Amino acid sequence: NDLLGANQRIHKAINASCLVCDITATEFNSEKRLRHYIDARRMVYFYCRNVIGMNWTDLGKYFNKNHATALHHCKQHKQLIDFDKFYQHKYNEFLALLAGDVTHSDIEHLIDLIKEKKRDELKSKSFTSSN
């Protein structure tokens, strides 16, 4: 049961990092090394190690990486939190998503509603300006 709870927390963390870094779960799991992909993974590794309490070996196995990769990212996370305001802001958003009871589908639904409202506003502006 504890393993199931940890698994759910890891999936929630992955979803939160994907939202914050504006990537998909497929991109999260890819081998791509673009900064925002790495940041998303780094946040999750740090969360799994320091909040969930996973050991290095299990962390590596879970994400199909060498345990040293997870260790490296956790060290990098600590440095970035201290010196990189952009990363710090993303990590704070990540933590806020995890603290709230907001799910990935809730956020996607809200984004869709906002886009729809923006489209309606643009239509009404273009309609009034053409008259």
Side-chain angles (χ1 to χ4, degrees):
N1 190 22
D2 190 36
L3 187 61
L4 180 62
N7 202 27
Q8 289 172 337
R9 291 173 74 189
I10 294 167
H11 282 288
K12 189 173 180 180
I14 292 168
N15 287 337
S17 74
C18 287
L19 285 168
V20 168
C21 295
D22 195 27
I23 67 172
T24 65
T26 302
E27 291 167 331
F28 179 92
N29 291 312
S30 75
E31 295 295 320
K32 292 182 181 177
R33 296 178 58 181
L34 297 170
R35 166 77 193 258
H36 55 293
Y37 296 175
I38 294 170
D39 282 350
R41 294 180 203 126
R42 182 177 291 130
M43 288 182 222
V44 173
Y45 297 161
F46 185 82
Y47 177 81
C48 288
R49 172 71 180 162
N50 293 286
V51 177
I52 296 176
M54 292 176 75
N55 66 47
W56 296 118
T57 304
D58 290 342
L59 189 54
K61 283 180 185 175
Y62 189 90
F63 291 101
N64 199 26
K65 304 284 182 207
N66 186 296
H67 74 281
T69 300
L71 175 64
H72 167 75
H73 283 299
C74 288
K75 285 182 179 179
Q76 290 296 111
H77 169 87
K78 290 177 183 177
Q79 289 179 340
L80 288 169
I81 283 297
D82 289 340
F83 299 107
D84 186 329
K85 297 291 183 197
F86 181 70
Y87 182 81
Q88 189 180 67
H89 177 72
K90 285 196 294 187
Y91 187 68
N92 287 336
E93 287 181 343
F94 168 76
L95 292 176
L97 280 173
L98 290 174
D101 202 18
V102 180
T103 66
H104 187 75
S105 60
D106 292 336
I107 292 170
E108 285 180 335
H109 179 69
L110 290 171
I111 289 170
D112 288 342
L113 289 174
I114 292 166
K115 286 179 182 176
E116 188 177 320
K117 184 166 176 46
K118 293 281 187 191
R119 277 193 300 270
D120 291 346
E121 287 175 4
L122 285 173
K123 283 179 187 175
S124 68
K125 283 182 184 177
S126 64
F127 179 74
T128 56
S129 64
S130 65
N131 288 331

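Here the structure is a predicted model, which means the values were calculated and not measured. Along the sequence shown, the residues carry numbers beginning at 1.
- When side chains are defined from C-beta on, His77 does not count as touching Asn50, because their heavy atoms never get closer than 4.5 Å.
- Closest of all the heavy-atom pairs between Leu97 and Lys12 is O-CE, 4.2 Å.
- The neighbour count for Asn64 CG, taken as heavy atoms of other residues, nucleotides or ligands under 6.0 Å away, does not exceed 12.
- For the atom pair Tyr37 OH and Asn29 CG, the distance stands at 12.0 Å (nearest 0.5 Å).
- Looking at every heavy atom in both residues, Phe94 comes nearest to Val20 through N-CG2, 3.6 Å.
- Counting heavy atoms from C-beta on, the side chains of His11 and Gln8 never come closer than 4.5 Å.
- Using cut-offs of 30° and 60° for the angle between ring planes, the Tyr45 and His73 rings count as tilted.
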(request) Under the side-chain contact (heavy atoms from CB on, under 4.5 Å) rule, what do Arg41 and Ser30 come out as? Steps first, then yes or no, please. (result) CA-CA 10 Å; Arg41 294 180 203 126; Ser30 75; 3.5 Å; yes
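- The structure places CG of Leu59 at 11.0 Å from CG of Asn66, a figure rounded to the nearest 0.5 Å.
- When only modelled atom types and interatomic distance are considered, Tyr62 and Asn7 share a side-chain donor-acceptor pair under 3.5 Å.
- Between Arg42 and Asp84, no side-chain nitrogen of the basic residue sits less than 4.0 Å from a carboxylate oxygen of the acidic one, so the salt-bridge criterion is not met.
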(request) Please assess Tyr47 against Ser17 for the test side-chain contact (heavy atoms from CB on, under 4.5 Å), listing each intermediate value before the final yes or no. (result) CA-CA 10 Å; Tyr47 177 81; Ser17 74; over 6 Å; no
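- For the atom pair CD of Glu121 and NZ of Lys118, the computed distance is 5.5 Å after rounding to the nearest 0.5 Å.
- The structure places SG of Cys74 at 12.0 Å from CD of Gln79, a figure rounded to the nearest 0.5 Å.
- Taking a 6.0 Å sphere around NE2 of His67, one finds it holds 12 or fewer heavy atoms contributed by other residues, nucleotides or ligands.
- Annotation: His89, atom NE2; neighbour count of heavy atoms from other residues, nucleotides and ligands within 6.0 Å does not exceed 12.
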(request) Apply side-chain contact (heavy atoms from CB on, under 4.5 Å) to Lys117 and Asp120, showing your working. (result) CA-CA 5 Å; Lys117 184 166 176 46; Asp120 291 346; 5.6 Å; no
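- When side chains are defined from C-beta on, Phe63 counts as touching Val44, because their heavy atoms get closer than 4.5 Å.
- In Asp22, the CG atom is not crowded: 12 or fewer heavy atoms of neighbouring residues, nucleotides or ligands sit closer than 6.0 Å.
- Cluster annotation: Ile81 is not connected to Ile38 through the hydrophobic network of ILVMFWY side chains, with a link wherever side-chain heavy atoms come within less than 4.5 Å.
- Residues Phe46 and Gln76 are not in side-chain contact: their nearest non-hydrogen atoms beyond the backbone lie 4.5 Å or more apart.
- The nearest pair of heavy atoms linking Cys48 to Ile10 is SG-CG1, 3.7 Å.
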(request) Check the pair Glu27 / Cys21 against side-chain contact (heavy atoms from CB on, under 4.5 Å), numbers first and verdict last. (result) CA-CA 11 Å; Glu27 291 167 331; Cys21 295; over 6 Å; no
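- Sparse packing is recorded around CZ of Arg33, with 12 or fewer heavy atoms of other residues, nucleotides or ligands lying under 6.0 Å away.
- To the nearest 0.5 Å, atom CG of residue Leu80 and atom CG of residue Asp39 are 6.5 Å apart.
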